[in-house]
Amino acid sequence: MTEQTEVTAAQIARLAGVGRAAVSNWRRRHSGFPAPVGGSDTSPTFSLAEVERWLRAEGKLAELPAGERLWRSIASSGAGGGSEAGTAGVLAALGTALAAGKKKAAGVDAKLVDQAAELAGTTSANAVFEELLGRYLDTYARDRDTGSATSALAGLMAAVAMPRDGADKVVVHDPFCGAGTLLLAAEAAGAGAGDGAWSIVGQTDDAALAALAGARLAVALAAAAVGSRHIVEVSPGDALLADAHPGLEADAVLCQPPSAQRDWGHDELAYDPRWEFGMPPRAEAELAWVQHAVARLRVGGTAAVLLPPAVAARRPGRRVRAELLRRGVLRAVIGLPVGSAAPYGLSLHLWVLRRPTLADPSPSRVLFIDQSDADRPGPDRGQDRGQG
């Protein structure tokens, strides 16, 4: 790392092994604390070298935590002198090696693999990789939509969408998987459900995140001792414009699509067969993702899609929403508490959709649940409403 390396307050807290509040206190109470060198007023960044010197002088940095030392080794060993792509490549290769229990990783220094294996021996390979991935996302992906659902919300989405019949063969898909949080939750929700083969299929428009998500899932499956039975496939590319899995029939689709997407392919995809409920309006990219999710479901499969609340009310999308209701595909809309996922100032909606079977009665009602204010009393917290 160089003198120009910058760190956030959260990274300083990790470096010193304290909470974020302690860093805020240091900035207020110690005039010698390094001044910001970048970032913004609400999210400043500081010179890593200056911070380290201050921490040592104040006796707050006796020794770097093992995880921090490993992260620095990875970040400085990437191709191009620690570039984002190089760091992602090293981290993904390291995760694949940890998942397989190997002492070598393609393109990675053997000493780095040994360092990771030693740390994994004190905790677990899964814990080590999750910590390293968190460092990567903090450093490189702060301004990108990488799938921001909390682990609790991801678990809820998986519980809603995963099949309950104990089937041994299950296909789970996320067409905008980011770092793989929702796919990881789906695997956890189905742990112990059967001994058959699973297919965990993802796609994301960021090639680096695709590699990291694949490695993350491999490490988690190895930790759960099901890696030999479950198949993981995470592909790079835009699922709307360059769908990597056009013939997929999934039992469950989980997705938090990108918000306020403008260039989603409205003109190029005008006659796409996925729009069976109507052509999504140009300004309604979310309804394109909703229909993509339904198009990848098998008959009887369920999708859980996390959406901004405006998607349920904007006038241009009215015809598509009406057709989803008329055909019995939209089964429930759940208003979530503020802060469940980015953007954190909104109460997002979770849409539950199902590809009906011939035996399914045509539903005349849709379930609406309002959990946007969990402390608010009243009879309208959860209710059925007719399609009209």
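Note that the coordinates shown come from a computational prediction; the quantities given were computed from them, not determined experimentally. What's counted below: heavy atoms across the whole structure, side chains too, no hydrogens, waters or symmetry copies.
- Listed by first then second residue, pairs satisfying salt bridge (charged side-chain N to carboxylate O under 4.0 Å, His left out) with a partner in residues 336-355 read E276-R355, R354-D360, not counting sequence neighbours.
- Nearest approach of L330 to V366, heavy atoms of both residues: O-CG2, 3.5 Å.
- W71 and Y140 make their closest contact through CH2-CE1, 4.3 Å (heavy atoms, listed as atom of the first residue, atom of the second, distance).
- Using a 4.5 Å heavy-atom cutoff, the side chains of T45 and P36 are not in contact.
- In this structure, S235 contributes its side chain and Q203 its backbone to no donor-acceptor pair below 3.5 Å.
- A heavy-atom distance below 4.5 Å is found between the side chains of P356 and V329.
- Side chain of Q291 to backbone of G278: a donor-acceptor contact under 3.5 angstrom is found.
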Quiz prompt | Residue pair R319, F277: steps toward the side chain to side chain contact (heavy atoms under 4.5 Å, CB included) verdict | solution = CA-CA 8 Å; R319 289 186 179 180; F277 307 100; over 6 Å; no
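- At a threshold of 4.0 Å, the pair K111-D109 does not count as salt-bridged, since none of the basic side-chain nitrogens sits closer than that to a carboxylate oxygen.
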Can you give me every donor-acceptor pair (side chain of residues 90-107, partner residue at least two apart or in another chain, under 3.5 Å) with its distance?
{"unit_1": "T96", "atom_1": "OG1", "unit_2": "A92", "atom_2": "O", "d": "3.0"}

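- Closest non-hydrogen pair, A179 versus R216, comes out as O-NH1, 3.0 Å.
- Judged by distance alone, with hydrogens and angles left aside, the side-chain atoms of S347 form a donor-acceptor pair with the main-chain N or O of L336 at under 3.5 Å.
- The closest side-chain heavy-atom distance from L324 to V290 is below 4.5 Å.
- Distance check, rounded to the nearest 0.5 Å: OG of S47 to CD of E52 gives 9.0 Å.
- Under the 4.5 Å side-chain criterion, counting only non-hydrogen atoms from C-beta, R274 is in contact with L269.
- Aromatic ring pairs are classed by plane angle as parallel below 30°, tilted from 30° to 60° and perpendicular above 60°; the pair W264 and H266 is perpendicular.
- With hydrogens and angles ignored, the 3.5 Å screen pairs no side-chain donor or acceptor of E187 with any backbone N or O of L221.
- Summarising the geometry, atom CG belonging to L217 is positioned 13.5 Å from atom CD1 belonging to I231; distances are rounded to the nearest 0.5 Å.
- Residues V172 and A186 share a closest heavy-atom pair of CG1-CB, 3.6 Å.
- In this structure, V320 and W275 have side chains that are not in contact, with every pair of non-hydrogen atoms separated by 4.5 Å or more.
- Of the possible polar contacts, none joining the E118 side chain to the Q115 backbone as a donor-acceptor pair under 3.5 Å is found.
- Remark: side-chain polar atoms of S43 are not paired, donor with acceptor, to backbone N or O of S40 under 3.5 angstrom.
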Quiz item: Stepwise, does the side chain to side chain contact (heavy atoms under 4.5 Å, CB included) test hold for E130 with T123?
Solution: CA-CA 12 Å; E130 286 295 312; T123 54; over 6 Å; no
Practice problem: Could you walk me through whether Q11 and T139 pass the side chain to side chain donor-acceptor pair (under 3.5 Å) test, one step at a time? | Solution: CA-CA 9 Å; Q11 290 169 324; T139 303; 3.1 Å; yes
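- Side chains of M279 and Y271 form no contact here, defined as non-hydrogen atoms less than 4.5 Å apart.
- Partner of E284 under the side chain to side chain donor-acceptor pair (under 3.5 Å) criterion, chosen from R314, Q261, R318, R315: R314.
- The main-chain N or O of A13 is never found under 3.5 Å from a side-chain atom of R20 such that the two would form a donor-acceptor pair.
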Show the atom names and distances, to 0.1 Å, of all donor-acceptor pairs under 3.5 Å that link a side chain in residues 237-244 to residues at least two apart or in another chain.
{"unit_1": "D238", "atom_1": "OD1", "unit_2": "L240", "atom_2": "N", "d": "2.8"}
{"unit_1": "D238", "atom_1": "OD1", "unit_2": "L241", "atom_2": "N", "d": "3.2"}
{"unit_1": "D243", "atom_1": "OD1", "unit_2": "H245", "atom_2": "N", "d": "3.0"}
{"unit_1": "D243", "atom_1": "OD2", "unit_2": "R296", "atom_2": "NE", "d": "3.0"}
{"unit_1": "D243", "atom_1": "OD2", "unit_2": "R296", "atom_2": "NH2", "d": "2.7"}

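- Between I12 and the options V18, L48, V7, a side-chain contact (heavy atoms from CB on, under 4.5 Å) holds for only V7.
- Classification of D267 and R282 as a salt-bridged pair holds, one side-chain N sitting under 4.0 Å from a carboxylate O.
- Here the CZ-OG1 distance, from F176 to T204, works out to 5.0 Å after rounding to the nearest 0.5 Å.
- H173 NE2 to S199 OG: the interatomic distance, rounded to the nearest 0.5 Å, is 12.0 Å.
- Across every non-hydrogen atom of A293 and A303, the tightest pair is CB-CB, 4.3 Å.
- Between the R321 side chain and the L287 main chain, no donor and acceptor come within less than 3.5 Å of each other.
- V171 belongs to a hydrophobic cluster whose other members, connected by ILVMFWY side-chain contacts under 4.5 Å either directly or through intermediates, are V201, L248.
- Taken to the nearest 0.5 Å, the CG atom of L346 stands 12.0 Å off from the CG atom of L307.
- Taking the side chain as every heavy atom from C-beta outward, L306 and L153 approach each other to under 4.5 Å.
- Grouping Ile, Leu, Val, Met, Phe, Trp and Tyr residues whose side-chain heavy atoms lie under 4.5 Å apart, directly or via other members, places V253 in a hydrophobic cluster with L297.
- Once rounded to the nearest 0.5 Å, the distance linking OG1 of T87 with CG of L132 reads 11.5 Å.
- Salt-bridge check for R326 with E323: passed, with a basic side-chain N closer than 4.0 Å to an acidic carboxylate O.
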Report, one line per pair, each donor and acceptor closer than 3.5 Å where one atom sits in a side chain of residues 25-35; sequence neighbours left out.
{"unit_1": "N25", "atom_1": "OD1", "unit_2": "R28", "atom_2": "NH2", "d": "2.3"}
{"unit_1": "N25", "atom_1": "ND2", "unit_2": "A21", "atom_2": "O", "d": "3.4"}

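- Between C177 and V234, the shortest heavy-atom contact is SG-CG1, 3.8 Å.
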